[in-house]
Amino acid sequence: MSYTSWRGVVGCIKPTMRPGSTEELIRMLPEGVGMIPLFLDVKEGKIDAFKRAVSAYEPQIARLVEAGVDLIHPEGAPPFMVLGYEGEAELIARWEAQYKVPIFTSGTNHIRALKALDIKRFVGATYFSGEINDLFARYFTQAGFEVLGMEGISVPFDKVGSLSAQDVYAHIKKTFLKNPGAEAIYLLGSGWRVLEVVDLLEQDLGVPVIHPVPARCWEIQRRLVIRQPLRGYGRLLAEMPAG
């Protein structure tokens, strides 16, 4: 193992060719954690496209196992959430039994993050529109949470990165205020560039914000038995609660 990866290596499989979240994660990860990113090329934010994408992950998992990684993270909440909570769990169990490497998806990561913060009911925001948001909400309901709302911004799938953090802040705040009783805010998807408003949302609204990239960094650390808190990206990563 290279000296730059002396604390462990994680293999990440990105569903799209978008830049942004990979760089964000690398900057967050502690020194000594190596990352091997692989990419699929999902181009449509539709249910059928995500269902088709699931089979494309397995060859990439095999490549990462061959590379000798310590942990594998198939990223992308939608491709696995459309399988349902139980369907996703069965797939992960099969992969882990076959490849003998720990594997976690975005959905299972977000469930663990919510539980680590003792969240039972939350409101979600996405950059999808239509019935797919109902599937996302159902996934978390099946996992035992109360989803007070899962509201999307209507934006072309390939233009998500162009949304301003300020516009997303306004969307999230409006959604939160419409749903009294929410104990947290959940942001689905790594495509939008909104890290700069995570702390601001937590300060203004008084609840934790679960953003996929800090949540990913948190779980990688927990899985590799590392605990290096980082401020500026929300309570989860700043406090590093046990998952």
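- Among residue pairs with one or both ends in residues 230-243, those qualifying as side-chain hydrogen bond (donor to acceptor under 3.5 Å, both in side chains) are Arg235-Glu239; sequence neighbours excluded.
- Nearest approach of Thr22 to Pro37, heavy atoms of both residues: CG2-CB, 4.2 Å.
- Note that CE of Met28 is 11.5 Å distant from CD1 of Ile26, once rounded to the nearest 0.5 Å.
- Counting only residues at least two apart or in different chains, ring-ring contact (aromatic ring centres under 6.0 Å, His included) contacts with residues 46-70 comprise Phe50-Phe128, Tyr57-Phe80.
- Residues Leu117 and Leu236 form a side-chain contact, since some pair of their non-hydrogen atoms from C-beta on lies under 4.5 Å apart.
- Between the CD1 atom in Ile72 and the CD1 atom in Ile92 there is a gap of 12.0 Å [rounded to 0.5 Å].
- Taking Glu23 as the reference, nothing meets the side-chain hydrogen bond (donor to acceptor under 3.5 Å, both in side chains) condition, with sequence neighbours excluded.
- Pairs engaging residues 35-60 under the salt bridge (charged side-chain N to carboxylate O under 4.0 Å, His left out) rule: Asp41-Lys43, Glu44-Lys46, Glu44-Arg52, Glu58-Arg94 [sequence neighbours left out].
- In the hydrophobic clustering, Phe39 connects to Met17, either directly or through intervening members, whenever side-chain heavy atoms lie under 4.5 Å apart.
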Table please: side-chain donor-acceptor pairs of residues 210-220 below 3.5 Å, with sequence neighbours left out.
| from | atom 1 | to | atom 2 | distance (Å) |
| --- | --- | --- | --- | --- |
| His211 | ND1 | Val213 | N | 3.0 |
| Arg216 | NE | His73 | NE2 | 3.0 |
| Arg216 | NH1 | Glu75 | OE1 | 3.2 |
| Arg216 | NH1 | Ser190 | OG | 3.3 |
| Arg216 | NH2 | Ser190 | OG | 3.0 |
| Trp218 | NE1 | Pro241 | O | 2.9 |
| Glu219 | OE1 | Asn109 | ND2 | 2.9 |
| Glu219 | OE2 | Arg112 | NH1 | 2.7 |
| Glu219 | OE2 | Arg223 | NE | 3.1 |
| Glu219 | OE2 | Arg223 | NH2 | 3.2 |

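- Listed by first and then second residue, the salt bridge (charged side-chain N to carboxylate O under 4.0 Å, His left out) pairs involving residues 191-212 are Glu24-Arg193 (not counting sequence neighbours).
- Side-chain contact check for Lys173 versus Leu205: some heavy-atom pair is nearer than 4.5 Å.
- Using a 4.5 Å heavy-atom cutoff, the side chains of Tyr139 and Val82 are not in contact.
- We find the CD1-NZ distance between Ile172 and Lys174 to be 13.5 Å, quoted to the nearest 0.5 Å.
- Between Ala77 and His110 the shortest heavy-atom distance is CB-CE1, 4.4 Å.
- For the atom pair CE (Met81) and CG (Asn133), the distance works out to 11.0 Å, reported to the nearest 0.5 Å.
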Sequence neighbours excluded and cut-off under 3.5 Å, please list the side-chain donor-acceptor pairs for residues 142-155, or say none.
| from | atom 1 | to | atom 2 | distance (Å) |
| --- | --- | --- | --- | --- |
| Gln142 | OE1 | Tyr85 | N | 2.9 |
| Glu146 | OE1 | Arg121 | NE | 3.3 |
| Glu151 | OE1 | Lys178 | NZ | 3.2 |
| Glu151 | OE2 | Lys178 | NZ | 3.1 |

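- With Thr105 contributing its side chain and Thr108 its backbone, the two residues share a donor-acceptor pair below 3.5 Å.
- Val168 is not listed as a side-chain neighbour of Val197, based on a closest heavy-atom distance of 4.5 Å or more.
- Residues Leu38 and Arg63 have side chains in contact (heavy-atom distance under 4.5 Å, counting atoms from C-beta outward).
- Under a cutoff of 6.0 Å and an axis angle of 45°, Arg222 and Phe104 do not form a cation-pi pair.
- The salt bridge (charged side-chain N to carboxylate O under 4.0 Å, His left out) contacts involving residues 76-93 comprise nothing, where partners must be two or more places apart or lie in separate chains.
- Legend: ring-ring contact (aromatic ring centres under 6.0 Å, His included) pairs involving residues 17-36, not counting sequence neighbours: none detected.
- Scanning all heavy atoms of the two residues, the minimum distance from Leu29 to Val33 falls at CD1-CG1, 4.1 Å.
- Between Leu25 and Cys12, the closest side-chain pair of non-hydrogen atoms falls below 4.5 Å.
- Annotation for Glu31 and Trp6: closest pair O-CZ2, 4.1 Å, computed over non-hydrogen atoms.
- Here the straight-line distance linking atom CD of Glu96 with atom CG of Leu91 works out to 10.0 Å at 0.5 Å rounding.
- Scanning all heavy atoms of the two residues, the minimum distance from Ile61 to Pro74 falls at CD1-CG, 4.4 Å.
- For the residue pair Arg7 and Gln228, a side-chain donor N or O sits within less than 3.5 Å of a side-chain acceptor on the partner.
- Between the side chain of Thr126 and the backbone N or O of Leu188 there is no donor-acceptor pair closer than 3.5 Å.
- We find the CE-CD1 distance between Met240 and Ile226 to be 8.5 Å, quoted to the nearest 0.5 Å.
- Among residues two or more places apart in sequence or in another chain, the side-chain contact (heavy atoms from CB on, under 4.5 Å) test is passed with Ala62 by Tyr99.
- The side-chain hydrogen bond (donor to acceptor under 3.5 Å, both in side chains) test applied to Tyr127 returns no partner, not counting sequence neighbours.
- Counting heavy atoms from C-beta outward, Tyr169 and Val194 have side chains that stay 4.5 Å or more apart.
- Side chain of Glu183 to main chain of Lys120: a donor-acceptor pair is present (N/O by atom type, distance under 3.5 Å, no hydrogens or angles).
- Hydrophobic clustering (ILVMFWY, side-chain heavy atoms < 4.5 Å, transitive): Leu187 and Leu135 are in one cluster.
- Using a 4.5 Å heavy-atom cutoff, the side chains of Val207 and Phe122 are not in contact.
- When all heavy atoms of Pro79 and Leu83 are compared, the closest pair comes out as O-CG, 3.8 Å.
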Run the numbers on Val101 and Trp95 for side chain to side chain contact (heavy atoms under 4.5 Å, CB included), then give the verdict.
CA-CA 8 Å; Val101 175; Trp95 280 344; over 6 Å; no

